[in-house]
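These notes concern the structure reproduced below.
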Amino acid sequence: MSSPVKKEQLQEVDRSLYDFKDAVHPSYETDAGLTPEIVEQISREKGDPAWMRDFRLKSLEIYNKLSVPDWGPPLDGLNMKDIVTYVRPDTPMRGKWSEVPKDIKNTFERLGIPEAERKSLAGVGAQYDSEVVYHNVRKEVAEQGVVYTDMESALKGDYADMVRDRFMKLVPPTDHKFAALHGAVWSGGSFVYVPPKVSVEIPLQSYFRLNAPGAGQFEHTLIIVDKGAYLHFIEGCSAPKYNIANLHAGCVELYVAEGARLRYSTIENWSKNMYNLNTKRALVEKDGIMEWVSGSFGSHTSYLYPMTILKGENSRMEFTGITFAGQGQQLDTGAKVVHAAPHTSSHINTKSISKDGGECTYRSAVTIQKNAVESKSSVSCESLMLDSRSRSDTIPAMDIRNDDSDVGHEAKIGRISDDAVFYLMSRGISEEDARAMIVSGFAEPIAKELPVEYAVEMNNLIKLEMDNKL
Amino acid sequence: MEQQLKNINTLPALTWNWLDVNCASFLAQRPQQVKPVQMAPEFAEIETGMGAQAADFAAQYCTDCHVVDVPENTEDKEEKTFQYVLSAEKPVVDVNLIHARKGSKVTVLESYTAGDDTPCFHGGLTKILADEGAQVRLVQVQLLSGNSRHFNDVGIKLGDNAHVEVVQAELGAARAFSGCLVLLAGYRSSFNADTVYFGDEKRKLDLNYIARHTGRKTNSEMHAAGALLGQSDKVYRGTIDFIRGAAGSVGHEAEETLLFSPQARNRTVPLILCSEENVDGQHAATIGRINEARLFYLKSRGLTEAQAKQLIIEAQFAPVIGKVSDTALQAAVKDYLGRRMQLD
């Protein structure tokens with residue numbers, strides 16, 4: 001049986017890993033709220049090209065016209081009048097950790113980012129509040145022609161036309177209210193371009209840290225993996241807990257060219273005062289492969305459904321996701337896929353765990369268009385409920401528009417099997433440990449898809465949540 | 001006079017509006033000669049699958065009302081049969097209230113056919129109250145002409161150890177809307193639903209089934225199977241809803257749809273909603289083309305492709321059609337399907 005001391009230590013260690021906060025001393029921040037003046041201020045401060053300024057103002061107009069979604073978890077606690085949409089840290093972007101201000105550097109060191117960069121990453125971008133404060137890519141990767149930079153630099157540099165051609169074309173501001181918000185106030189984020197036939201053997205990673213209370217983070221990630229290339233991109237994010245609402249409305253646009261492959265891994269561990277209204281979308285050309293690995297643990301409320309458009313013949317996608325909702329959390333997650341070409345295939349495999357009053361919703365949409373003949377889709381979602389104060393819903397939808405495709409869907413909701421607990425207890429394992437083992441085993445198929453450091457982090461998070469139950 | 005029924009067949013938990021599956025609307029026809037129904041409180045409180053608008057319409061514009069009240073511990077050996085042959089001149093709105101009292105057993109058959117190909121209108125409301133240990137079997141067959149409109153709204157409440165079985169064949173009508181909500185309130189109460197549907201030409205089918213478990217150790221099984229031809233368009237919503245306290249309950253749901261036309265559209269939305277830990281809920285959906293190996297085998301035995309397809313559809317429907325005890329009606333179903341498949 002776990003000792004009380006061990007439990008206490010686990011809680012202390014893991015909470016401090018994310019919940020520490022720095023003193024807030026931005027070099028510039030807008031007033032709270034959302035007005036054309038604030039949007040213009042952001043545009044001016046960032047030195048946007050004219051088209052981007054116009055784009056932001058148009059997005060704001062759209063935002064004001066669109067309604068808050070009427071189908072998901074409530075967003076009553078989120079008031080845009082209280083959210084500061086732009087907080088610039090007191091440092092320019094650096095290419096060496098040694099040049100990053102001490103307190104910010106310490107933050108990322110505690111999160112393990114510089115260490116991970118040394119050990120296992122080909123490049124790192126680190127965003128603190130609204131701006132990227134550190135960006136670096138290994139020389140040998142840069143020499144392959146791989147471009148990995150912050151969005152602001154990309155917007156004005158050699159790849160400006162490429163950015164302009166693609167920016168919010170996959171996720172237009174008209175898509176939903178928070179996409180429009182993103183279009184109006186976005187800042188920070190990463191731009192990656194992988195040239196044809198280049199394989200980036202070790203992953204790139206962007207880490208997003210929101211420190212300021214009552215602020216929003218709206219980073220934009222644009223990745224283009226050109227013909228026959230390969231990239232594994234990792235996204236991490238966290239924030240300390242405050243007693244006021246924070247907002248994350250990032251946007252990820254991924255372009256997978258003919259014969260290319262992109263793996264996009266995320267562990268989202270936002271603090272439990274965060275409204276996480278993130279939008280991710282990928283467009284996959286002929287023979288391309290899109291792989292999503294997604295872990296959703298933190299936030300007060302999440303709306304997160306990475307979407308894949310299988311545009312090219314024979315393209316395919318895999319989505320592997322896990323969601324863990326504890327006390328006070330409403331995590332509405334899942335995936336969307338549109339089969340828009342012949343011989344496309346998709347496979348969605350998700351798991352969710354809810355406990356202590358947490359609410360998990362699995363929501364998905366599989367659309368097979370008329371021309372997507374001989375396409376295949378399989379969806380499997382499993383939910384585990386650890387107590388009856390919690391809630392777990394599955395809300396999938398399938399829309400099939402031709403007679404030459406196959407779609408299968410399976411879903412299962414249940415509890416930890418008493419027989420399994422009894423069996424483990426009969427082998428001398430305490431009931432608490434037996435339950436924790438079963439939960440870890442349930443999550444294992446997802447964990448094995450994550451890079452090893454993230455798998456460890458995920459297991460720690462599950463262990464922490466399970467110990468909290470005791 | 002026509003009346004638009006809005007927000008019917010509403011999904012118990014909404015999803016993205018762009019999918020256009022959250023609810024539906026239906027153009028109902030008000031009959032001339034009506035006999036409004038005042039329901040006793042125990043029936044009035046029973047919710048239905050299509051929702052209050054459809055139920056209220058049926059009660060207000062009822063043309064035919066039947067009350068089946070089965071006394072305690074009685075088995076009604078004879079099937080209660082309500083058969084309607086519709087015509088364009090005489091729309092039917094029937095309300096059927098079935099009270100199976102403690103320990104009783106009854107089977108009710110409702111069928112709707114059309115004498116010719118003229119457009120007809122049918123609206124139906126059936127409410128079932130199954131007291132402790134009661135067993136009710138409801139068989140509904142709809143074979144209206146391909147230019148008719150039809151809605152079928154069902155609400156069921158189950159007491160301890162009560163069991164209700166619903167068998168539905170939604171095979172006709174240009175617009176066929178059907179909803180069924182069962183409240184599994186009693187300890188160890190159980191519910192079975194077997195539905196078959198058929199869409200061809202430009203038919204629109206809209207189905208909504210909800211099994212709401214509030215009692216302990218309750219059990220629901222919902223199966224649907226169908227075939228879509230031509231430019232037909234079908235939405236199937238199936239929800240298993242475990243309310244807190246329904247400990248030890250089990251809910252299973254499965255749907256199998258065969259698509260026979262590149263113009264047909266199938267939408268399936270199978271939900272499990274769960275606020276109780278100690279339950280087992282599962283759903284499965286299979287949507288797609290006809291099994292090529294089966295088709296090849298049948299063709300190699302000398303059948304044309306059309307005959308082979310017809311045989312496969314009949315085989316898919318057979319387990320449900322076999323539950324229609326009226327042999328004449330069974331034959332009518334086979335004849336109807338045969339004609340429709342030839343037409344297509």
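Chain identifiers are assigned alphabetically (A, B, ...) following the order of the sequence lines, protein sequences preceding nucleic acid strands; residue numbering begins at 1 within each chain. The structure displayed is predicted, hence computed values, not measured ones.
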ask   = A/Leu386 and side-chain contact (heavy atoms from CB on, under 4.5 Å): which partner among A/Asp356, A/Ile438, A/Val439?
value =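 The residue from A/Asp356, A/Ile438, A/Val439 that satisfies side-chain contact (heavy atoms from CB on, under 4.5 Å) with A/Leu386 turns out to be A/Val439.
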Among B/Asn266, B/Asp233, B/Thr257, B/Leu228, residue most engaged with chain A (heavy-atom pairs, under 4.5 Å) =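 Ranked by contacts with chain A, first place is B/Asn266.
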task = Return the option, out of B/Val279, B/Ile272, B/Leu273, with the maximum number of heavy-atom pairs under 4.5 Å with chain A.
result =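 Of the options given, most contacts go to B/Ile272.
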task = Specify the closest pair of heavy atoms between A/Ala249 and A/Phe178, including all atoms of both residues, with the distance to one decimal.
result =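 Where A/Ala249 meets A/Phe178 most closely, the heavy atoms are CB-O, 4.3 Å.
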key: Shortest non-hydrogen contact from B/Asp206 toward B/Ala24   =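 Taking every non-hydrogen atom into account, OD2-CB, 3.5 Å.
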[atom1]-[atom2] distance between [X] and [Y], expressed to the nearest 0.5 angstrom:
X: A/Ser354; Y: A/Leu331; atom1: OG; atom2: CG; value: 9.5 Å
X: B/Glu276; Y: A/Ser388; atom1: CD; atom2: OG; value: 3.5 Å
X: A/Lys355; Y: A/Arg435; atom1: NZ; atom2: CZ; value: 12.5 Å
X: A/Lys351; Y: A/Ile322; atom1: NZ; atom2: CD1; value: 7.5 Å

key: Ring-ring centroid check A/His409 B/His283, cutoff 6.0 Å   =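 Yes: the rings meet the under 6.0 Å criterion.
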Measuring heavy-atom distances to chain B, does [X] have an atom under 4.5 Å in its side chain, in its backbone, in both, or in neither?
X: A/Gln369; value: neither
X: A/Ser364; value: backbone
X: A/Lys412; value: both
X: A/Asp332; value: neither

query = What parts of residues 391-402 of chain A touch chain B if we use heavy atoms and a cut-off under 4.5 Å?
reply =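 Result: A/Arg391, A/Ser392, A/Asp393, A/Thr394, A/Ile395, A/Pro396, A/Ala397, A/Met398, A/Asp399, A/Ile400, A/Arg401, A/Asn402.
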Result block: side-chain N/O donor-acceptor pairs under 3.5 angstrom for residues 335-342 of chain A, not counting sequence neighbours:
residue, atom, partner, partner atom, Å
A/His339, ND1, A/Thr344, OG1, 2.9
A/His339, NE2, A/Ser346, OG, 2.8

ask   = Could you give all pairs that pass the ring pair (Phe, Tyr, Trp, His ring centres under 6.0 Å) test and reach residues 358-393 of chain A, with sequence neighbours left out?
value =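 Passing the test, one end in residues 358-393 of chain A: no pairs.
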inquiry  = At a 4.5 Å cut-off on heavy atoms, which part of B/Trp16 comes close to chain A: side chain, backbone, both, or neither?
reply    =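 Backbone plus side chain of B/Trp16, per the 4.5 Å heavy-atom cut-off to chain A.
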message = Taking side chain as everything from C-beta outward and backbone as N, CA, C, O, which of these in B/Leu19 sits under 4.5 Å from a heavy atom of chain A? Side chain, backbone, both or neither.
response =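 Contact with chain A involves the side chain of B/Leu19 alone.
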ask   = Salt-bridged, A/Arg389 to B/Glu277, with N to O below 4.0 Å?
value =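 No salt bridge links A/Arg389 with B/Glu277.
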task = Any chance you could lay out the ring pair (Phe, Tyr, Trp, His ring centres under 6.0 Å) test for A/Tyr275 and A/Tyr303, step after step, and finish with the verdict?
result = CA-CA 8 Å; A/Tyr275 284 83; A/Tyr303 282 60; 9.1 Å; no
inquiry  = For residues 284-296 of chain B, give me every residue with a non-hydrogen atom less than 4.5 Å from any non-hydrogen atom of chain A.
reply    =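 The list, in residue order, reads B/Ala284, B/Ala285, B/Thr286, B/Ile287, B/Gly288, B/Arg289.
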message = Can you classify the ring geometry of A/Trp292 versus A/Phe319 as parallel (below 30°), tilted (30 to 60°) or perpendicular (above 60°)?
response =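 If you compare the ring of A/Trp292 with that of A/Phe319, the planes turn out tilted.
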